[in-house]
Amino acid sequence: MQLSEQEIVRRENLQKIREMGIDPYPPEAWPINAYAAAIKANYQEEVLEDGTKNRLNYQDVCVAGRIMAQREAGKAMFMNIQDSTGQIQLYLRRNELAAGDPAGEQDFSFFDVLIKKLLDIGDFIGVKGYVFNTKTGETSIHVTELKLLAKALRPLPVVKKDAEGNVFDAFTDPELRYRMRYVDLIVNPEVKETFLKRTKMIASIRQFLNERGALEVDTPVLQAIPGGAAARPFITHHNALDIPLYLRIANELYLKRLIVGGFEWVYEFSRNFRNEGMDRTHNPEFTVLEFYTAYKDYFWMMETTEKMMEKVALDTCGTTDVQVGDKVLSFKAPFKRVSILEAIQEHTGIDVSGMDEAGLRDVCKKLHIAVDNSMGKGKLIDELFSEKAEKHYIQPTFITDYPVEMSPLTKRHRSKPGLVERFELMVNGKEVANAYTELNDPIDQRERFEEQARLMERGDDEAMFIDHDFLRAMEYGMPPMSGIGFGIDRLVMLFANQASIQEVLFFPQMRPEVF
RNA sequence: GAUCUCGUAGCUCAGUCGGUAGAGCAUUUGACUUUUAAUCAAAGGGUCCCGGGUUCGAGCCCCGGCGGGAUCACCA
């Protein structure tokens, strides 16, 4: 391996540390009793009449962190260390860290050699000391004891910030940031914020569901029949059984089996895998929250969804008015409801309700939407909506009542022939959730699967497989229910105001690196 | 998969008309006991993504490849 000059220096420093009798990777625990952010927020001191300071708290702190900056000032030194909560400044003095009798012979090598020469940016250290404010008002730890906790052998990008908050030499190359997310997280604090928001959002959803009595469950990731969605799966092979298995594209059919089994409300944060293109809104593995609730319909689901979204916005952003790009989105319930046919009429001026396939195809051609003969009525309506209407729904809006051809798992509409009881929640011109009154008529379900099988024979590689066990479950009796799936990564993109899915996944898929 | 675009020091970036490879930070050496983008003085550091071609001469021009980003297609 070719080492850079800085890597060679650090390896030499490591050797010198060992020669000083210091273990650069000591095993003992370090007894932390304070954190950077809390110290800076809560430290108090008062200036007495004689000008001396009375320090009120944090006079015996023990912290740990990574060295992020070093400023030598002769026989003193300043460092910034970073712990999980942020950075704090350290103040170190040569004579206070010396060995031996202050009145007689003293050994200053700990400060002169270890601290000034052998410690580098990136090293983990633990320090003990007391907190004070410097002349310039910076809350700092006056260090009385320092211990090297772990030596770093590679130089970190050094990102600097001035008093006005201008950032210099930021570590910005997306390829390096995604491949070395650990470095990204160390030097770009706002990246950490995004991921903390993601965790907060998921916790908020979990709380919303749990307090209403929903049950969190786990269902198979490896499936013999990849069902519940129209997508190309990843395929793998099980050696002991000598069978092909698929990574799940959805967990819908398993959650519905659980409703058959007698649970009334189940949910799962499902990692799904789809063998399709990648771009700034698609990663091969992604997270969907699905939940299914017995004895409910899609009207109930709309109300539940808007309540949940309102809570999630409050919990993750502190407000229902969320800034996304240059827009402010209001997640205050209730949300607008528009049927897909009304939406098309509103944005094309054409009423397509009641039109047959030929009529729809003419409308598409007139509006310069590419069509081909494989497209049925449902697909044509879907094209009209996604080409002409979808992008206009910036504020959260429920688009309802889709054509039956697009929705093989959805119950037919109670009053509108040819449509199903389905909605998608559109936010910022994109779909973030998809929900139905679920189909629970096993004979209708079997026919819908058979239609999918015909599509597959015609070469549609995204058509659904027939899942005979799922049909058997439904034949045992499935209660009426409503179900929904939320694209969690896309919700995080909204609430964290990020334009790329790679910014909300710790380790987005990349081409393998060649070493 | 298609098109456009980028790849130069550890990081962020300059590099003119094709003529000896540059800066800031980081690193090394020295000064400085309340600094904070610390400062001051000096020094070292390069497979210019890889492979071909044109040329007396290529970081720069041409061809091919690898990797990233953006747009589009498919999808959530």
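Throughout, protein chains are lettered first and strands after them, A, B, ... in sequence-line order, and every chain is numbered starting at 1.
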Novice: May I ask you to verify if any side-chain N or O of Arg71(A) is less than 4.0 angstrom from the OP1 or OP2 atom of A38(B)?
Specialist: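 Yes.
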Novice: With a centroid cutoff of 5.5 Å and a plane-angle limit of 30°, would you call Phe168(A) stacked on A37(B)?
Specialist: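 Phe168(A) vs A37(B): stacking yes.
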Novice: Can you work out whether Gln509(A) or Val158(A) has the more 5'-proximal nearest nucleotide on RNA chain B?
Specialist: Val158(A)
Novice: Report yes if at least one side-chain N or O of Lys117(A) is closer than 4.0 Å to OP1 or OP2 of U27(B); otherwise report no.
Specialist: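 It does not, given that no N or O in the side chain of Lys117(A) lies less than 4.0 Å from OP1 or OP2 of U27(B).
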Novice: Has Gln498(A) got a side-chain atom pairing as donor or acceptor with Met493(A)'s backbone, closer than 3.5 angstrom?
Specialist: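 Flag not set: sc Gln498(A) to bb Met493(A) has no pair under 3.5 Å.
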Novice: Using atom C1' in both nucleotides, what's the gap between A73(B) and U20(B) to the nearest angstrom?
Specialist: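 That atom pair is separated by 49 Å.
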Novice: OP1 or OP2 of U33(B) versus the side-chain N and O atoms of Arg94(A): is any pair under 4.0 Å?
Specialist: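 Answer is no, no contact under 4.0 Å.
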Novice: Output the rounded distance in Å from CE (Met278(A)) to C1' (G67(B)).
Specialist: 13 Å
Novice: Considering only the P atoms, how many Å lie between A41(B) and G24(B), rounded to the nearest integer?
Specialist: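 It comes out at 11 Å once rounded to the nearest Å.
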Novice: With stacking defined as ring centroids separated by under 5.5 Å and planes differing by under 30°, is Phe286(A) stacked against A76(B)?
Specialist: yes
Novice: Using atom C1' in both nucleotides, what's the gap between G22(B) and U16(B) to the nearest angstrom?
Specialist: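 One C1' to the other, the span is 13 Å.
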Novice: For U71(B) versus U8(B), give the span between their C1' atoms, rounded off to a whole number of Å.
Specialist: 27 Å
Novice: Looking only at atom C1', what distance separates C13(B) and A76(B), rounded to whole Å?
Specialist: 38 Å
